[in-house]
Amino acid sequence: MDNAEIADILSRMARLLEFKGENPFKIAAYEKAARSIKRLEADLSSIHQEGRLSGVPGVGKAIEDKIEEMLTTGTFEAYERTVAEIPRGIIEIMDISGIGPKTARVLYERLGIVSIGDLIKAAEEHRIRRLPRMGPKQEERILRAARSRVQSSDFRRTPLAVATAIARQVTEELSSSPYIMKVLPAGSLRRRKETVGNIDLIALSDEPEKAIDAFMHAGKVTQAPGRWDADEGNAHAAIIYEGNIRVDLYVGPESYCGSLMQYLTGSKEHNIHLHEVARARGYSISRSGMIYEGKQIENERPDNGVAGFATEAALYGFLGLEYLPPEIREDRGEIEAGLDGRLPALIERKDIKGDLHVHSRWSDGRNTIEELALHAGGLGYEYIAITDHSPSTGVANGLSEERLLEHIREIEDINERKEGIRLLSGTECDILSDGRLDYSNRVLEGLDIVVAAVHAGLEQDRKSMTKRVVAALENEHVDILAHPTGRKFGKRSGYDIDMEEVMQAAFDNDKVLEINSSPSRLDLNDRHARMAKEMGVKIAINTDTHSLAHFDNISYGIDVARRAWLEPADVVNTRGLKEIGSILRM
DNA sequence: GCCGTTTTCGGCCCGACTGTTTTCAGTCG
């Protein structure tokens, strides 16, 4: 159990206690402990082993005991008891953006609402607006949020980062089986889609039965919906892993691995289109190969008339296409481009030369600027921008103008002492509700880079929000717009904003839009990023790092960029220090 | 529930934003 998980349970506990109407100071104490744990650098488990838990700010005897309990059992008794006291649906209601414990309580007491279904019904019948401090606007907002919650849980899609981690675990387990030669990703996971419905894997094996057996008995299987043993060396089975995601395993021989991979990677739309291309040439494609229909399959035509391709490149090549990277197989023009030989040379991780959105301990990051510099240097970066929060983001310990000046001095100081990596002094500056920035122009002028972002006032209507962000893009000191739509997986779908207008403003003012690589954001998403490319708007792929491990999230930003057809030239942080300096007008 | 160079009891305490009010409660990051 890591620090973030422990902090999460503590802050959930705080919300449950607030729902129950407990002593506000007790609630605050849980919240304070959770916040303090989130900022810790060392792991709680090692702090515990060293007997230093009580030294953590906000952790006294009682919470210390609870942390200990969590470290051994993954939860604590008082929390489980409290969860059991409150109807499950109410806890779900509190997870809806805009509804906190107090509102949930009023809804429960006055209207008997114990589920999201009840909530939607009450809103539709206009019963919520009659509650104290509620009105038509609140009611509408709640209805909207509740409906979008129902939809998203109906789809039950899993964020890519979670699916990637689970796929890695299953792959490791399978790889230890003597009957499995190799395990490969397929489906939306391989296409690196931002969420996946299930995980598709391929195992290469000459003993499909035994490979499937190994799969069915993998560590955390909670259900096994079925297995289908086909003939000719094929097999397929599905399991539910850890009670939340379905994993499908397809087993086949190495000899036609390429055919299998192509078929199972999809997307469905891509495959349908590819089949049309094949049919026009007299072939049809199957999972196990290319079926011959009246024309000679050159080079590798087995006797049964089915040619299974060992590699995907051979399959695509056979149809006259260049190899298509999985990320763009969505039938959004890639087949035509592949036929004409005008595929983009997609950006890769090695192209990234620096990170332009990084937080240090000066605001809400976990590391010192020196540690960040050292780590980023180790990644081979030429530069990183230290962009701590501005004053309005008070909970994130945003920097006052005075502290910002000290911050700049420390960065200059390290730049003078350190060889190699160059630190850019920056800010993640709040865009206030009226479109003004949180620092004066005089202060912004003194920075190497200004990353602007919306963090509060998320409920503005489309017109105001668009105007607000456009105003920020028109400020001469702003360089980058961070997480442009504000969406967060499982929490909110992003603010209501006219992205086309925002992109036009970015283009007109020569500003950069961010692909935020944080797994819970991925913002811009792939469609927006492609739209930006088509409009000629520059992109930065940043991690929004708050601790050293977050630097690795860059791979998720790259996934988005590749799905958006971005090439190195479309992305500013593929440029070296000198060039980035001129882009940022440093 | 935490904390103490006033205290082991009694005070703690983010600030902006929004929609609801006519002075403020609830939510959020």
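Residue numbers start from 1 in every chain, and the chains themselves are labelled A, B, ... in the order their sequence lines are given, proteins ahead of strands.
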### Query
Using the P atom in both, what is the distance from B/dG19 to B/dC9, to the nearest Å?
47 Å

### Query
Which residue, A/Gly457 or A/Arg15, contacts DNA chain B at a nucleotide closer to its 5' end, judged by nearest heavy atom?
A/Gly457

### Task
In whole angstrom, give me the gap between the P atoms of B/dC13 and B/dC17.
23 Å

### Message
For a quick check of understanding: with a heavy-atom distance under 4.0 Å over all strands, which category does A/Ala28 fall into, base, sugar-phosphate or nothing?
### Response
nothing

### Message
Does the structure show A/Phe25 stacking with B/dC12, if we require the centres to be closer than 5.5 Å and the planes to be within less than 30 degrees of parallel?
### Response
yes

### Task
Name the pairing partner of B/dT8, where a pair is Watson-Crick or G-U wobble with both distances under 3.5 Å, or state none.
none

### Message
Nearest heavy atom decides the nucleotide; on that basis, is A/Val106 or A/Pro57 closer to the 5' end of DNA chain B?
### Response
A/Pro57

### Query
Which listed nucleotide (B/dG29, B/dC17, B/dC2) is nearest to the side chain of A/Leu432?
B/dC17

### Summary
Picking from B/dG26, B/dT20, B/dG1, the nucleotide nearest the side-chain atoms of A/Thr103 would be B/dG26

### Task
Please state whether the rings of A/His546 and A/His550 are parallel, tilted or perpendicular, taking 30° and 60° as the class boundaries.
perpendicular

### Message
Would you measure the distance from the P atom in B/dT6 across to the matching atom in B/dG15 and give it in whole Å?
### Response
23 Å

### Heavy-atom closest pair, residues A/Thr543 and A/Phe551
CG2-O, 3.5 Å

### Task
Look at all strands and tell whether A/Pro24 reaches a base, only sugar-phosphate, or nothing, counting heavy atoms closer than 4.0 Å.
nothing

#### Entry: Minimum-distance nucleotide to A/Lys137 side chain [options: B/dC17, B/dG1, B/dT20]
B/dT20

### Message
When the C1' atoms of B/dC3 and B/dT8 are compared, how many Å lie between them, rounded to an integer?
### Response
10 Å

### Message
Please tell me if A/Ser433 has a side-chain N or O lying less than 4.0 Å from either OP1 or OP2 of B/dT18.
### Response
yes

### Query
Picking from B/dT27, B/dG1, B/dT18, which would you name as closest to the side chain of A/Gln460?
B/dT18

### Integer angstrom distance from the C1' of B/dC14 to that of B/dG10
22 Å

### Task
Using a heavy-atom cut-off of under 4.0 Å over every strand shown, decide if A/Glu459 touches base, sugar-phosphate, or nothing.
nothing

### Query
Of the nucleotides B/dC17, B/dG1, B/dG26, which one has an atom closest to the side chain of A/Lys102?
B/dG26

### Query
Does a side-chain N-to-carboxylate-O contact under 4.0 Å join A/Asp434 and A/Arg436?
yes

### Task
Give one of base, sugar-phosphate or nothing for A/Asn23, where a contact means two heavy atoms less than 4.0 Å apart.
base

### Task
Could you give the distance separating B/dT5 and B/dA16 at their P atoms, to the nearest angstrom?
29 Å

Review item, side-chain donor-acceptor pairs of residues 26-36 of chain A, under 3.5 Å, at least two apart:
{"unit_1": "A/Tyr30", "atom_1": "OH", "unit_2": "A/Lys66", "atom_2": "NZ", "d": "3.1"}
{"unit_1": "A/Ser36", "atom_1": "OG", "unit_2": "A/Pro57", "atom_2": "O", "d": "2.7"}

### Query
Parallel, tilted or perpendicular for A/Phe19 and A/Tyr108, by the 30°/60° rule?
tilted

### Query
Angle class for the A/His359/A/His389 ring planes (parallel below 30°, perpendicular above 60°, tilted otherwise)?
parallel

### Query
Considering only the C1' atoms, how many Å lie between B/dT7 and B/dC12, rounded to the nearest integer?
13 Å

### Message
Applying a 4.0 Å non-hydrogen cut-off, can you work out what A/Ile99 is touching in the nucleic acid: base, sugar-phosphate, or nothing?
### Response
sugar-phosphate

### Message
Does A/Lys32 reach a base, just sugar-phosphate, or nothing at all? Heavy atoms under 4.0 Å.
### Response
nothing

### Query
Under 4.0 Å: is that the gap between some side-chain N or O of A/Lys488 and OP1 or OP2 of B/dG29?
no

